[in-house]
Structures are given as C-alpha cells and as structure tokens.
Protein chains: 2
Amino acid sequence: MDLRHLRYFVTVAEEGHITRAAERLGIQQPPLSQQIRALETELGVQLFRRKPRGVELTDAARALLGDARRILGDVDGALAKVRRTARGEQGRIVVGFTSSAPFHPFVPKVLRVFRDGHPRVSMVLEEGGTADLVAALREERLDAAFIRSPVPDGEGVAVHALLREPMCAALPAGHALVRRTRGRTLRLADLALEAFVLYRRVSGPGLYDAIFRACHDAGFVPRIEQEAPRIVATLNLVASGLGVSIVPRSLSAMRLPGIAFRPLARATHLTAPIGLACRTVDHSAAARNFVSVVRRKAREEGRGGS
Amino acid sequence: MDLRHLRYFVTVAEEGHITRAAERLGIQQPPLSQQIRALETELGVQLFRRKPRGVELTDAARALLGDARRILGDVDGALAKVRRTARGEQGRIVVGFTSSAPFHPFVPKVLRVFRDGHPRVSMVLEEGGTADLVAALREERLDAAFIRSPVPDGEGVAVHALLREPMCAALPAGHALVRRTRGRTLRLADLALEAFVLYRRVSGPGLYDAIFRACHDAGFVPRIEQEAPRIVATLNLVASGLGVSIVPRSLSAMRLPGIAFRPLARATHLTAPIGLACRTVDHSAAARNFVSVVRRKAREEGRGGS
DNA sequence: CCATATCATATGTTTTTGATATGTATAATG
DNA sequence: CATTATACATATCAAAAACATATGATATGG
C-alpha cells in the first residue's frame with residue numbers, strides 16, 4: 001500500500017474516468033490504469049467496473065473512498081503539524097522561576113506576550129530555587145528559567161541578563177526608622193546597627209554577595225540574624241519584627257501588613273538582576289523562540305524604561 | 001510523502017536506532033538512513049539527532065510519531081474494511097416486502113439468521129406493492145424483495161421460489177358458514193354463492209389468478225364484490241362483513257376481531273407462494289450473500305417442514 | 001590509544017514507475 | 001449497417017527510485 005495508490009484511486013473515483021483522472025494527476029492514462037489494477041490486485045478486490053465510457057465504482061470502492069479521503073487529509077494535517085512544531089509554533093515549554101521573579105511586572109508581561117504570539121504552544125510554569133532550576137534545565141525538564149543570580153553560567157547553561165531593578169529596604173512596620181524616613185530614601189549606613197534577615201546564600205549567592213559587598217562599601221558588616229529559604233519567607237520574618245532586609249523593589253508591590261518598604265539612596269548602586277537561564281544548545285524550537293522573545297522584550301523594555 | 005516513509009520513520013523512532021530499525025524492517029541500514037534523510041528534506045524539518053549510539057527524537061518527531069501511528073492504523077483498518085465489503089461481510093442491503101410476506105414466520109426468521117451471520121451488514125426494510133418492488137429492484141434502490149407473485153420475471157430481475165403455504169378462507173365472524181364449519185375444513189364450493197373480497201389484480205396478479213382458477217375448477221365463477229389495495233386491507237373489509245376472502249394461511253396469525261379463518265380442503269391445491277426477487281447480475285456482494293442465505297434456508301425449511 | 005558501535009557516503013544493481021505506441025471493445029453517428 | 005469516436009487494456013522501453021554492498025567518519029568505553 002502506498003499513498004500514491006490512494007491518491008490515484010480517489011482521483012479516479014471522483015472523475016469516474018481513468019483518462020480524465022490521469023490528466024488531472026499530470027500523468028498518462030496507461031500508467032494510471034496499471035496502478036489502479038495493481039491496487040486491486042493487492043487488495044484482492046475489484047474497485048471499478050470498466051465501462052466503455054468510463055468506470056463505475058463498486059461497493060468496495062465506495063467503502064474505501066471515504067476512508068482514503070480522510071487518510072490523505074490526515075497525512076496533510078500531520079505534515080503541517082510537524083512543520084509548525086519544528087518552527088516552534090506548536091509544542092510545550094516548561095518555564096521555571098525563582099520565587100521572587102514573578103513579582104517584577106516584566107515577567108508576567110513577557111509571558112503574556114509570548115502566549116499571544118504562539119497560541120499553540122502550551123506553557124507550564126514551575127517554581128524552584130536557582131540551583132534546582134539550573135539542574136532541571138540541564139536535565140531538560142525545563143526549557144528556560146527566570147532567575148536572579150547573575151552568574152551560575154557554564155556546562156551547557158547560559159544566563160542572559162534581562163534587566164536590573166533597584167533594591168529597597170524592608171522594615172518591620174513599627175520600627176523607629178520607618179517614622180524617621182517617611183517619604184525619604186534610606187542610606188545603607190542607616191542600617192549599620194540593625195539585625196538583618198537575608199535569604200540563604202546557597203539558594204541564590206548572587207543577591208547575598210551583592211548586599212554584603214554594598215554594606216562593606218558603606219562601611220559596616222551586616223549582622224545576619226536570620227536566614228530564610230526564599231525571599232517571600234524573608235519578608236514574613238521581617239514582618240514578625242526579626243530584623244530588616246533588602247529586597248528587589250518589585251517585592252514592595254506585595255503590600256504585606258507589618259512591613260514598610262523604603263527606597264535606598266541611589267548611591268548604593270545596589271540592584272537586583274533578573275536573568276533568563278537557558279540551554280546553550282536547545283533542540284526545542286519553541287524554547288528557542290521563547291528565549292528570543294524574552295530577550296527582545298527585555299531590550300525594548302530597557303530602552304523604553306531608562 | 002509515502003506510507004513507506006511513515007513506516008520507516010515509526011520504526012526508527014521506536015528503536016531509537018537506525019541499524020536495528022533496518023533489521024526489523026528487513027532492509028539494510030544505508031537505504032534506511034537515506035529514506036529518513038529524504039523525509040527530513042521533504043518536510044524541511046529535522047526529525048532525529050544523530051548520536052554516536054543511536055538517534056534521538058526531536059520535538060517535531062515526537063509530534064509526528066503519534067499521527068504517523070494513527071495514520072498507519074487507519075490505512076490497515078480501511079483496507080480490512082474494503083476486503084470485508086468486497087466479501088459482503090460489511091455494507092448495507094435494502095430488502096423489500098409485499099405487505100403480506102412478513103406474516104409468514106419464515107421471513108422474519110431468515111432475516112434474523114442473515115443478521116446474525118453478517119453483523120456488519122446493516123439492513124433496511126421497505127414495504128411496497130409487487131410492481132413497485134420489482135421496479136425499485138431494477139433501479140438498484142432495492143437489493144432483494146419478498147413477493148408473492150410467481151412470475152414477474154425478466155429484464156435483469158429473477159424470482160426464486162422459496163416456499164408455498166396453503167391458503168385459507170377468511171369469513172366475517174357472524175357468517176352462517178362459521179358456525180357450520182367449526183373445527184372442519186371448508187370446500188371451495190361452499191363459497192360459490194358468497195361475495196368475494198380480493199386484493200387488486202394489478203397489485204399482485206399471481207394470487208388473484210390462482211384463486212380465480214381454483215374457483216373455476218370447483219365449478220363456479222367467484223362474484224367479486226370488492227377489491228382492496230393490500231391483503232391487510234382485504235381482511236379489514238371482510239371483518240366489516242362485506243364478503244369472504246381467501247388469503248395465505250399465515251395471515252390467520254393476525255387474530256383480527258370480527259374474522260374467522262377456516263382451512264380449505266386439501267383437494268383445492270390452492271397455495272400461496274413466497275418468492276425472492278433479485279437482480280440476475282448483482283454487484284453487491286452483501287446482496288448476493290443475502291439471496292444465497294435466503295434460498296439455502298428455504299431449501300432447509302422445505303425439507304424439514306414437509 | 002585502540003576496539004567497538006553507529007551513522008554517513010559512494011557506487012552499482014534491482015525494482016518500480018511512467019511514457020509512447022498500439023490493440024480492442026462499445027457506444028454514437030451518418 | 002458500416003463507420004467513427006471514445007476509453008480502457010496491453011506491450012515495450014526509458015527514467016527514476018529504492019536497495020545492497022563496500023567503505024569512511026566519529027564518538028564512546030575500556
């Protein structure tokens with residue numbers, strides 16, 4: 001059996017005429033007669049009754065016609081689908097997040113942009129620590145991940161810097177500094193004597209080290225009172241009055257009760273990056289498309305926002 | 001595109017291995033490599049990543065694999081269906097009836113036998129007068145018809161005699177003869193003076209003429225009071241007391257109120273035939289099967305019943 | 001670093017497909 | 001009723017496709 005046989009058969013059945021069908025198929029009549037006969041022989045079934053003015057379908061042919069049409073249509077559909085998948089217009093991608101990433105408006109925005117541009121690509125979102133995300137990326141359980149670390153590069157995984165956002169101080173609502181700084185920025189030195197709550201270095205060394213360095217530049221060594229596994233947990237600890245913290249500014253959108261956010265003075269140069277981790281060679285076209293959409297959007301954002 | 005390509009593709013995808021797939025397909029490895037490459041070129045899509053220990057499916061290949069399997073299965077299914085149709089195990093037949101035929105138990109019985117033996121053949125039943133049935137047969141709107149006429153043969157339509165059943169007299173319930181013949185047979189001569197209700201000669205000349213001839217043999221010319229379009233209508237007229245009639249015995253199973261049936265004396269040799277009309281050359285295997293089942297069953301019945 | 005496994009390439013052979021020329025049968029036509 | 005036209009079948013040849021064999025390239029694993 002061969003798709004050619006089905007195509008020839010359908011055309012002959014539609015024309016009721018071998019010669020005309022051959023014309024439509026762009027071949028000569030004798031080969032078409034032969035192919036039809038070959039099909040009949042293979043099936044062991046007569047498909048057409050040869051009349052002096054054309055051919056007539058048998059019951060068997062009528063039974064086959066519908067199926068043949070459907071099969072040919074299915075084949076076309078399948079091929080189109082493969083091409084779409086290869087172009088990345090169809091498929092599935094799994095996107096990972098560091099817990100704090102989705103708070104920055106850029107992330108949900110770019111997800112929506114991609115979804116609108118690739119409606120046949122289904123997206124699965126997954127939260128996790130930076131290390132887990134990178135491992136998952138390497139094991140192909142993930143196609144890309146929004147992370148905050150600037151440099152867990154290497155071994156098949158690359159991180160594209162997308163944008164940086166200022167950080168801000170998170171203070172317990174009743175703290176003395178809250179009143180004193182109402183409507184003003186805070187200098188890092190103001191926090192020199194405070195207890196700090198930071199999220200664990202292993203979970204994301206990038207931010208941790210950056211904060212440490214900034215404090216050092218401001219002339220003090222932060223007293224780390226407590227570490228939390230995630231940024232959100234950090235905020236909860238701050239809310240319970242265990243200390244102050246420094247977090248990406250987008251977190252302030254949370255409006256947690258018991259927490260007051262204060263911008264930091266510009267001079268600190270303390271910013272939190274958002275990066276997109278992905279495989280250096282990625283076989284999934286959908287994933288490649290996703291990465292390029294995100295990076296392009298980030299560049300546009302950078303121009304528009306600065 | 002070619003079914004061979006799909007078959008090769010599915011095998012390679014399942015084995016993850018061109019060499020092993022070639023083995024399973026009964027061909028050598030180089031042609032298989034070529035065919036896969038040709039398929040990729042035609043699609044403009046890479047389907048496999050060649051690794052030193054086999055090949056790996058791309059997203060596109062995974063997308064195609066399901067469709068390819070389904071299509072190959074559909075093709076097999078379609079071919080099987082064509083063969084079944086050609087053998088008459090699948091399809092549709094339209095069977096006609098003269099209105100009185102289904103009263104004889106043979107008819108429903110043989111229909112059930114055929115249905116049990118050919119579960120994939122759907123049957124459509126159609127009632128009509130003998131002339132209509134034969135015309136429909138000729139125009140291929142019908143595949144076979146149970147009729148009572150012995151001889152509307154000719155022009156592509158043949159009638160196979162199936163069996164004969166005795167006829168009986170149908171009398172209005174209050175008629176004097178009913179009481180006089182309780183538990184006995186009736187001789188035709190007893191009806192010499194009665195008014196007759198017969199169904200129209202044009203609707204079925206066979207029975208009409210047979211009855212006329214039998215009366216003639218019994219020494220009288222029946223007085224036809226009324227004609228009805230169908231046998232069932234005839235009985236209704238008898239029930240209203242318009243006259244007596246002579247009908248196939250199987251009609252007595254109706255147990256109409258107002259009608260008494262009386263067997264006729266054997267000597268009358270008045271029997272009603274049941275025949276099966278069909279085309280002399282029939283292209284539908286299902287129809288041919290139906291005719292042969294009915295005829296075989298009739299022969300068995302004839303042996304068993306006599 | 002060598003042996004092994006696996007896919008790719010090159011080249012020749014076989015099979016399949018299609019084209020041309022011709023034959024045959026049936027319906028339409030004068 | 002003979003003739004013509006139409007359409008399918010058959011025969012033969014040419015072209016293309018598929019396959020086989022031999023060999024090369026490459027990466028893995030001991």
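Sequence lines set the chain letters: A, B, ... in the order given, protein chains first and strands last, and positions in each chain run from 1. What you see is a predicted model, and the numbers here were worked out from it, not measured in a lab.
Taking 4.5 Å as the limit, every side-chain heavy atom of B:Q90 sits out of range of all side-chain heavy atoms of B:H118.
Which of C:dC7, D:dC8, D:dA18 sits closest to the side chain of A:R50 comes down to D:dC8. Checking D:dA9, C:dA10, C:dC7 against every side-chain atom of B:V55, the shortest atom distance belongs to C:dC7.
Electrostatic pairing of B:R20 and B:E15 counts as a salt bridge here, judged by a charged N lying under 4.0 Å from a carboxylate O. Using a 4.0 Å cut-off between a side-chain N of Lys or Arg and a carboxylate O of Asp or Glu, B:R7 and B:D2 do not qualify as a salt bridge. A salt bridge links A:E14 with A:R69; the closest basic N to acidic carboxylate O contact falls under 4.0 Å. Between A:K297 and A:E300 there is a salt bridge, since a side-chain N of the basic residue sits under 4.0 Å from a carboxylate O of the acidic one. A salt bridge links A:E56 and A:K51; the closest N-O separation between the charged side-chain nitrogens and carboxylate oxygens is under 4.0 Å.
Near DNA chain D, meaning a heavy atom under 4.0 Å from it, residues 13-32 of chain A has A:H17, A:I18, A:T19, A:Q29, A:P30 in order of number.
Proximity of B:Q34 to the phosphate of D:dA18: no side-chain N or O atom is located under 4.0 Å from OP1 or OP2. Between B:S33 and the phosphate of C:dC7, there is no side-chain N or O to OP1/OP2 separation shorter than 4.0 Å. At the phosphate of D:dT10, OP1 or OP2 sits under 4.0 Å from a side-chain N or O atom of A:R37.
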### Task
Assess whether salt bridge (charged side-chain N to carboxylate O under 4.0 Å, His left out) is satisfied between B:E127 and B:R230, documenting all intermediate values.
CA-CA 11 Å; B:E127 201 190 299; B:R230 326 222 138 209; 3.0 Å; yes

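Regarding A:R49, its CZ atom lies at a distance of 16 Å from the P atom of C:dT26, rounded to whole Å. Between the CD atom of B:E40 and the C1' atom of C:dA8 there is a distance of 13 Å, given to the nearest Å. Counting to the nearest Å, the P atom of C:dT17 and the CG atom of A:L39 are 11 Å from each other. One interatomic measurement links the two molecules: NE2 of B:H5 to C1' of D:dC19, which rounds to 13 Å at whole-angstrom precision. Atom C1' of nucleotide C:dC7 and atom CD of B:Q46 are separated by 13 Å, given to the nearest angstrom. Atoms CD (A:Q35) and C1' (D:dT10) sit 15 Å apart, rounded to a whole Å. Following rounding to the nearest Å, B:M1 (CE) and D:dA17 (C1') show an atom-to-atom distance of 16 Å. Look at CG on A:L3: it is 13 Å from P on C:dT17, rounded to the nearest Å.
Nucleic acid contact class of A:R53 (heavy atoms, under 4.0 Å, all strands): base. Residue contacts shown for B:F48 are absent, as no nucleic acid heavy atom lies under 4.0 Å away.
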